[in-house]
Amino acid sequence: MFNALSQQPVDKIMQLMHMFREDPREDKIDLGVGVYKNAEGVTPVMRAVKAAEKTLWEEQDTKAYVGLAGDPAFADAMASLVLGDAVPRDRVAAVATPGGTGAVRQAFELMLMANPGVRVFVSDPTWPNHIGILNYLGIEIVTYRYFDGETGAVDFAGMMEDLGQLRAGDVVLLHGCCHNPTGANLTLPEWRQVVERLNATGAVPMIDIAYQGFGDGLDADAAPTRLVAESCPETLIAASCSKNFGVYRERTGILMAVAHEPAPKALAQENLTSLNRMNYSFPPDHGARVVTMILTDDALRADWMAELEDTRLGMLRLREALAGELQKLSGSDRFGFLAQHRGMFSLLGTTPDLVERLRAEHGIYMIGDSRMNIAGLNDRTVPILARAILDVGI
């Protein structure tokens, strides 16, 4: 049986991690892996997470299963964090999932159950796993233009022209904030135009929000998702706690289905719960319980928000420092877009050949499409990266 299996394509990020580990150069810089790192190159456990886990360890008296949809308190806390008061809680179906990836997978499964011929419109570029999962499930992908490599900004005119192909029942996959891999975000007025297009065509929005709090702040980052959820008849939202709570390995995510009528909301909840049962029976609970404890305790929440804000401002400072260093060295503001991007990532908009030269000649590792993890930098490495970018001719 095993001999009949097909060889799978190499995961570029995993391959890059291996190459970085094997590189003997002491001054090498890892800008590839999509995890937050502090100035010491460590992904820390947040203070509020440590405190909540200690309390959980001391007080938890069972490891029995939670419900198929996960702990209702986790769903309540996450609905409040992501949606605020944009929609009533009784219009939100929700299931806990193994991370944001699990939420994305369940969303794709749900739309396939509802419409076997569904088309999903995906930004070009997008997170590679979006494409991988859609292809595996046999769902038709339609790409829409998103990033302008010349300006480093969103190609909104191209995006709207491509969304002119929408038909009723299509799904449009949108990044809620801190677009991965580009770092370029729509403005709120542009989001309103997208909502108008969705409602005019009968297409359904799906929001993938994995970096809430990493861009302009918790509420500002959630504003587009809240706008879509309150304005469209139906919305799917896949949210991750990996980044903003730093619980990557605990696999903590949630899928929410917002419906403005009771009957479709109840049907969505029933089907989401069934999907959980078929795919992994019960979702993981440790990370979800820790997140719930933080969001429902005033002191823990305040400490978490303070540390998250420090993280956000630190990444913003690195962006501004890199853009400033490039301007100083080049005498040009052509890299100014780096300071305008938000979140962990930015897309330089250069060729794979020049990215390879960065690795070979300077020990700087980033994905071939030129996505770099800003959180992989520090005060010492910002000038090194700036000189290398200009040295290879980017």
Side-chain angles (χ1 to χ4, degrees), residues 1-25 28-37 41-43 97-109 120 122-139 141 143 146-147 173 175 178-183 206 208-211 214 238-243 246-253 255 279-280 284 287 343-360 363-377:
M1 178 178 68
F2 297 154
N3 288 333
L5 295 172
S6 301
Q7 201 157 20
Q8 296 300 305
V10 176
D11 186 294
K12 295 178 181 178
I13 296 177
M14 298 300 109
Q15 185 182 42
L16 202 68
M17 288 172 61
H18 175 74
M19 292 171 65
F20 181 80
R21 285 195 300 267
E22 297 296 313
D23 191 331
R25 289 175 285 189
K28 60 188 177 180
I29 302 173
D30 180 11
L31 305 179
V33 181
V35 297
Y36 170 75
K37 298 177 183 178
V42 175
T43 302
T97 59
T101 303
V104 168
R105 173 62 182 259
Q106 296 293 65
F108 291 160
E109 295 260 20
V120 177
V122 177
S123 67
D124 180 17
T126 191
W127 181 49
N129 220 14
H130 287 151
I131 304 298
I133 298 171
L134 287 167
N135 281 332
Y136 179 77
L137 293 173
I139 295 175
I141 299 170
T143 58
Y146 187 83
F147 186 69
L173 178 56
H175 297 227
C178 306
H179 186 274
N180 180 5
T182 72
M206 174 181 163
D208 186 355
I209 181 165
Y211 302 95
F214 271 27
S240 170
C241 299
S242 295
K243 286 81 179 176
V247 289
Y248 295 88
R249 68 176 60 173
E250 304 302 346
R251 310 312 301 132
T252 307
L255 175 59
N279 281 339
Y280 39 79
M344 285 169 50
F345 304 117
S346 272
L347 204 65
L348 275 175
T350 190
T351 65
D353 288 345
L354 292 181
V355 170
E356 173 55 23
R357 283 189 60 191
L358 282 173
R359 186 199 66 80
I364 294 170
Y365 286 75
M366 63 179 69
I367 307 300
D369 63 1
S370 77
R371 186 198 82 170
M372 58 180 178
N373 179 8
I374 295 295
L377 292 169

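For the numbers below, each heavy atom of this structure counts, side chains included, while hydrogens, waters and symmetry mates do not. Position 1 is the first residue of the sequence; numbering continues from there.
Contact record, V35 with A375: O-CB, 4.5 Å, taken as the closest heavy-atom pair. Of all the heavy atoms in G343 and C178, the pair that sits closest is CA-SG, 3.5 Å. Looking at every heavy atom in both residues, P181 comes nearest to R371 through CB-CD, 3.3 Å. Counting all heavy atoms, side chain and backbone alike, L347 lies closest to P125 at CD2-CG, 4.1 Å. Closest non-hydrogen pair, A107 versus M206, comes out as CB-CE, 3.6 Å. In this structure, N180 and H175 approach most closely via the heavy-atom pair O-CE1, 3.0 Å.
Residue-environment remark: CZ (R249) stays at or below the threshold of 12 foreign heavy atoms within 6.0 Å.
Here the straight-line distance linking atom CG of L134 with atom CD1 of I139 works out to 5.0 Å at 0.5 Å rounding. Here the CZ-CE distance, from F20 to M366, works out to 12.5 Å after rounding to the nearest 0.5 Å. Of the inter-residue distances, the one linking I141 atom CD1 with H130 atom NE2 reads 11.0 Å to the nearest 0.5 angstrom. Between the CE atom in M344 and the CD1 atom in I374 there is a gap of 10.0 Å [rounded to 0.5 Å]. Rounded to the nearest 0.5 Å, atoms OG1 (T143) and CD1 (I131) are 8.0 Å apart. Atom CZ of F214 is separated from atom OH of Y36 by 7.5 Å, given to the nearest 0.5 angstrom.
Separation of the H179 and F147 ring centroids does not fall under the 6.0 Å cut-off.
Contact annotation: the side chain of W127 approaches that of T101 to within less than 4.5 Å [non-hydrogen atoms, C-beta and beyond]. Residues I133 and Y136 form no side-chain contact, since every pair of their non-hydrogen atoms from C-beta on lies 4.5 Å or further apart.
Checking side-chain atoms of S240 against main-chain N and O of G253 turns up no donor-acceptor pair under 3.5 Å. Using a distance-only test at 3.5 Å, with no hydrogens or angles considered, a donor-acceptor pair links the side chain of S370 to the main chain of L348.
Judged as a salt bridge (Lys or Arg N to Asp or Glu O under 4.0 Å), and not counting sequence neighbours, E250 has no contacts.
With Y365 as the fixed residue, the side-chain hydrogen bond (donor to acceptor under 3.5 Å, both in side chains) test singles out one of D30, N373, D23: D23.
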Which atom pairs, one a donor and one an acceptor, fall under 3.5 Å between side chains of residues 8-17 and the rest of the protein, sequence neighbours left out?
| from | atom 1 | to | atom 2 | distance (Å) |
| --- | --- | --- | --- | --- |
| Q8 | NE2 | S6 | O | 3.3 |
| D11 | OD1 | I13 | N | 3.0 |
| D11 | OD1 | M14 | N | 3.0 |

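Residue pairs meeting the salt bridge (charged side-chain N to carboxylate O under 4.0 Å, His left out) criterion with at least one member in residues 345-357, sequence neighbours excluded: E356-R359, R357-E361.
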